[in-house]
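Okay, so here's the structure we're looking at.
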Amino acid sequence: SAVISQKPSRDICQRGTSLTIQCQVDSQVTMMFWYRQQPGQSLTLIATANQGSEATYESGFVIDKFPISRPNLTFSTLTVSNMSPEDSSIYLCSVEGRGSNEQYFGPGTRLTVT
Amino acid sequence: AQSVTQLGSHVSVSEGALVLLRCNYSSSVPPYLFWYVQYPNQGLQLLLKYTSAATLVKGINGFEAEFKKSETSFHLTKPSAHMSDAAEYFCAVSGNFGNEKLTFGTGTRLTIIP
């Protein structure tokens with residue numbers, strides 16, 4: 001399985017500001033995913049990020065609010081823009097495993113917006 | 001489209017007792033099914049997966065799950081609970097084609113009673 005790291009691990013931010021979350025993988029992967037996990041809830045897919053193409057966003061998520069970069073096969077960033085308290089969540093990145101659609105997850109970034 | 005339903009948002013068992021976490025799926029195509037575990041303040045770890053081979057799947061930490069097509073179920077079991085099993089457990093489903101996204105259930109919080 002891949003080793004995935006995220007930075008920062010947690011942050012407290014003021015409303016109206018933006019935060020960029022980094023996801024680093026120890027091997028080259030084609031597909032990376034970004035999820036949101038609101039307090040006490042399950043995971044919701046924000047977008048799929050393939051290297052060399054624009055990210056594909058799920059219903060309810062837009063690029064202006066959650067811009068994503070994928071500059072190479074081992075790295076991606078997710079920006080949470082113009083934050084409000086409703087954006088307080090854990091944000092997780094994941095990468096595809098070896099077939100069978102399994103995914104491996106990073107440790108998450110715990111964001112609190114005040 | 002695929003979906004999973006996890007019955008019971010909270011399950012408590014005594015240490016040494018049987019663990020049974022329920023997951024029912026809905027899928028328009030043959031599914032791939034997964035169980036993930038999330039320990040406090042951590043990302044998700046893959047416990048086991050079903051990919052249309054053996055219907056009884058063994059995973060890490062003594063967990064196993066059985067795929068029952070007739071019941072559209074993929075329940076997670078462990079014969080003897082350990083204190084370290086206390087965590088949140090998520091069932092997930094995807095279609096059986098490559099590059100398909102995962103759809104997660106709402107999760108079951110497992111508490112172990114000493």
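Here is the naming used below: chain letters follow the sequence lines, and residue numbers restart at 1 for every chain.
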If two hydrophobic side chains count as joined below 4.5 Å and joins carry through other members, does [X] share a cluster with [Y]?
X     : Y     : result
B:W35 : B:Y50 : yes
A:F61 : A:L19 : yes
B:F63 : B:V4  : yes
B:L18 : B:V37 : no
B:L47 : B:F74 : yes

Query raised in the report: Which of the residues A:E58, A:R10, A:Q6 is involved in the greatest number of heavy-atom pairs with chain B at under 4.5 angstrom?
Result: A:E58
Query raised in the report: Rounded to the nearest 0.5 Å, how far does CG of B:L102 lie from OG of A:S94?
Result: 7.5 Å
Requested in this report: Enter the distance from B:Q42:CD to A:I90:CD1 here, rounded to the nearest 0.5 Å.
Outcome: 11.0 Å
Report task. Name, in order of residue number, those residues of residues 32-53 of chain A that have a heavy atom at a distance of less than 4.5 Å from a heavy atom in chain B; otherwise write 'none'. Result -> A:Y35, A:Q37, A:Q41, A:S42, A:L43, A:L45
Query raised in the report: So, do A:Q103 and B:Y36 sit near enough that their side-chain heavy atoms are less than 4.5 Å apart?
Result: yes
Query raised in the report: Heavy atoms, side chains only, cut-off 4.5 Å: are A:E102 and B:F34 in contact?
Result: yes
Counting only heavy atoms closer than 4.5 Å, note whether [X] contacts chain A via side chain, backbone, both or neither.
X     : result
B:F90 : side chain
B:Q45 : neither
B:L46 : side chain

**Report entry** side chain to side chain donor-acceptor pair (under 3.5 Å) partners of residues 3-22 of chain B, not counting sequence neighbours, each pair once
**Finding:** B:Q6-B:T108
Query - Set of side-chain hydrogen bond (donor to acceptor under 3.5 Å, both in side chains) partners for B:S27, sequence neighbours left out - result: none
Report task. Go through the structure and list residues passing side chain to side chain contact (heavy atoms under 4.5 Å, CB included) with A:P67, not counting sequence neighbours. Result -> A:T79, A:S81
Requested in this report: Give a yes or no on whether B:I113 atom CD1 has more than 12 heavy-atom contacts from other residues, nucleotides or ligands under 6.0 Å away.
Outcome: yes
